[in-house]
Number of protein chains: 2
Amino acid sequence: MNRKPSPDHLLLDQQLCFALYAASRSVTGLYRPLLDPLGLTYPQYLVMLVLWEQDGLTVRELGQRLQLDSGTLTPLLKRLEAAGLVSRQRRKEDEREVDIRLTDTGLALRDQASGIPECLAQCMQLSLDQMQTLRDELKRLTRQIQLSQRED
Amino acid sequence: MNRKPSPDHLLLDQQLCFALYAASRSVTGLYRPLLDPLGLTYPQYLVMLVLWEQDGLTVRELGQRLQLDSGTLTPLLKRLEAAGLVSRQRRKEDEREVDIRLTDTGLALRDQASGIPECLAQCMQLSLDQMQTLRDELKRLTRQIQLSQRED
DNA sequence: AAAAATTGAATTGTACACAATTTAATTTTG
DNA sequence: CAAAATTAAATTGTGTACAATTCAATTTTT
């Protein structure tokens, strides 16, 4: 009567969070050999994706897009700058803001990256449809969590 | 004729990887206020989950379960030891292996953690069924990726 | 307009991740 | 059995994450 059953809810394999955490690191690992030749880490690749889509954003705008703060982005962007892929310039209009722009080298790197998404899709063995569904579920989850956090 | 259209495949919002990465960090963020009172970080919580399920594993076995290597686990376990939650002992049978065991404090912490999974489920606004489906899709993805990586 | 509040980056400090190397213990081989 | 190979942790080094603080620039208030 003193022995309670192990609480199933605390079993690792039951956790959605761990499935997410493991899947995320696992996917990052898939990118590594593809990004190594470009001299990029995975988070750096994400920054480049944003800039290839829209060049000339501030650190704050990049942070909003990627959900990362300056503590993460500032050193990362300095590394991209050191690698010659982006430039960092204080804005004339507001000296608090720092403008991040692709260099020619940074822009040119896009061509080398263009094959990566398809390569990844292959490895994951998901149909385009399955990928979109999963992606959209994850986006919904992220949005929901961010909503629930604003309520504090 | 020299202008090619922006390759849709490189758009951030198209990326499953980013949806995963964002969702994972977002969920970890949800755990933070719940784990803070227990003095645990999220990866430390995962280690505790494993030990609550099966006590007395080696670093290697913990690593297999969580897909983490000793470079991550050794310092993490030292912090758990410093917090008085686990003990680290070389195995008599094989001095290369280090046995990780819950202390009484570590075991007792399970009760304080037992409400966390339900709390999380609430925040995520997913039915039990949706959660299981998503979790299983992610597990399948992780397994698939690990298979595709062994092929190198 | 001057003081107070706000904002955007940068900095500081802690804690992962993970590749690569090192060290010590055990197994396997010649 | 001794040398070589293997194995498990630990260590080293780089690069995120993220909370908290600092600093400078801009806005808002009084």
Side-chain angles (χ1 to χ4, degrees), chain A residues 17-18 21-33 35-36 39-48 57-83 86 88-100 149 152, chain B residues 17-18 21-33 35-36 39-48 57-83 86 88-100 149 152:
Chain A
C17 68
F18 177 61
Y21 168 79
S24 179
R25 285 188 301 119
S26 175
V27 169
T28 302
L30 258 190
Y31 274 94
R32 206 162 290 121
L35 293 177
D36 262 355
L40 293 175
T41 65
Y42 176 67
Q44 289 168 8
Y45 171 68
L46 292 179
V47 167
M48 295 302 283
L57 296 173
T58 65
V59 174
R60 182 180 58 78
E61 289 166 331
L62 273 171
Q64 285 175 342
R65 200 88 172 76
L66 297 171
Q67 312 286 354
L68 293 170
D69 71 6
S70 67
T72 302
L73 285 175
T74 296
L76 187 157
L77 291 168
K78 283 182 178 174
R79 284 182 208 107
L80 287 181
E81 186 184 37
V86 307
R88 298 159 65 244
Q89 282 285 336
R90 294 270 166 193
R91 279 233 168 121
K92 287 263 168 54
E93 313 91 295
D94 186 337
E95 292 266 359
R96 288 171 303 184
E97 299 189 308
V98 172
D99 222 349
I100 308 298
Q149 283 185 326
D152 299 346
Chain B
C17 68
F18 177 62
Y21 169 81
S24 179
R25 286 189 301 120
S26 176
V27 169
T28 303
L30 258 189
Y31 273 94
R32 207 163 288 119
L35 294 177
D36 262 354
L40 292 175
T41 64
Y42 176 67
Q44 289 168 8
Y45 171 68
L46 293 179
V47 167
M48 295 302 282
L57 297 173
T58 64
V59 174
R60 181 181 57 79
E61 289 165 332
L62 273 169
Q64 286 175 342
R65 199 88 173 75
L66 297 171
Q67 314 285 356
L68 293 170
D69 69 8
S70 68
T72 301
L73 284 175
T74 297
L76 187 158
L77 292 168
K78 283 182 180 176
R79 286 188 277 272
L80 287 182
E81 186 185 37
V86 307
R88 299 160 62 244
Q89 283 285 334
R90 294 270 166 193
R91 281 232 168 121
K92 287 263 169 56
E93 313 91 293
D94 186 338
E95 292 266 359
R96 288 172 301 183
E97 299 189 307
V98 171
D99 221 349
I100 308 298
Q149 284 184 328
D152 299 348

Checklist entry - How are the rings of A:Tyr42 and B:Tyr21 set to each other: parallel, tilted or perpendicular (split at 30° and 60°)? => result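 It falls in the perpendicular class, over 60°.
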Item to check | Partner of B:Glu97 under side chain to side chain contact (heavy atoms under 4.5 Å, CB included), chosen from B:Lys92, B:Arg91, B:Glu61, B:Gln89 | outcome: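 With B:Glu97 as partner, B:Lys92, B:Arg91, B:Glu61, B:Gln89 yield a single side chain to side chain contact (heavy atoms under 4.5 Å, CB included), made by B:Arg91.
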Separation of [X] atom [atom1] from [N] atom [atom2], in whole Å?
X       : N      : atom1 : atom2 : result
A:Gln44 : C:dC18 : CD    : C1'   : 15 Å
B:Leu73 : C:dA19 : CG    : P     : 14 Å
A:Gln89 : C:dG8  : CD    : C1'   : 16 Å
B:Asp99 : C:dA25 : CG    : C1'   : 16 Å
B:Lys92 : C:dA25 : NZ    : P     : 15 Å
A:Lys78 : D:dT16 : NZ    : C1'   : 15 Å
B:Tyr31 : D:dA19 : OH    : P     : 17 Å
A:Leu35 : C:dA17 : CG    : C1'   : 16 Å

Nearest non-hydrogen partners of [X] and [Y], listed with the distance:
X       : Y       : result
B:Arg25 : A:Leu66 : NH2-O, 2.9 Å
A:Ser70 : A:Pro75 : O-CD, 3.8 Å
A:Val59 : A:Leu73 : O-CD1, 3.7 Å

What is the nucleic acid contact for [X], judged by heavy atoms within less than 4.0 Å: base, sugar-phosphate only, or nothing?
X       : answer
B:Arg91 : nothing
A:Arg90 : sugar-phosphate
B:Thr41 : sugar-phosphate

Checklist entry - Do any side-chain nitrogens or oxygens of B:Tyr21 fall under 4.0 Å of OP1 or OP2 in D:dA17? => result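 Yes, such a contact exists.
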Next on the checklist: Taking 4.0 Å as the cut-off, does a side-chain nitrogen or oxygen of A:Thr72 come that near to OP1 or OP2 on D:dA17?
Outcome noted: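 For D:dA17, OP1/OP2 do not have a side-chain N/O of A:Thr72 under 4.0 Å.
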[X] side chain: which of [options] is closest?
X       : options                : value
A:Arg32 : D:dT11, C:dC16, C:dC18 : C:dC18
A:Asp94 : D:dT11, C:dC16, D:dA25 : D:dA25
B:Asp69 : C:dA19, C:dA17, D:dC18 : C:dA19
A:Arg96 : D:dT16, D:dA8, D:dT26  : D:dT26
A:Val98 : C:dT11, D:dA10, C:dA10 : C:dA10

Next on the checklist: Please list, in numerical order, the residues of residues 58-68 of chain B that have a heavy atom closer than 4.0 Å to any atom of DNA chain D.
Outcome noted: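 Those residues whose heavy atoms fall under 4.0 Å from DNA chain D, taken from residues 58-68 of chain B in numerical order, are B:Thr58, B:Val59, B:Arg60.
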Next on the checklist: Could you tell me if the side chain of A:Met48 sits less than 4.5 Å from the side chain of A:Val86, heavy atoms only?
Outcome noted: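 Yes, close enough: below the 4.5 Å cut-off.
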Item to check | Most 5' of A:Leu76 and A:Glu95 on DNA chain D, judged by nearest nucleotide | outcome: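 Nearest nucleotide further toward 5': that of A:Leu76.
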Next on the checklist: B:Thr74 vs B:Val98, test: side chain to side chain contact (heavy atoms under 4.5 Å, CB included). Steps then yes/no.
Outcome noted: CA-CA 10 Å; B:Thr74 297; B:Val98 171; over 6 Å; no
Next on the checklist: Judged by each residue's nearest nucleotide on DNA chain C, which is more toward the 5′ side, A:Arg25 or A:Arg88?
Outcome noted: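 Its nearest nucleotide being more 5', the pick is A:Arg88.
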Checklist entry - When only distance counts, do a donor and an acceptor, one from the side chain of B:Ser70 and one from the base of D:dA8, lie under 3.5 Å apart? => result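 There is none.
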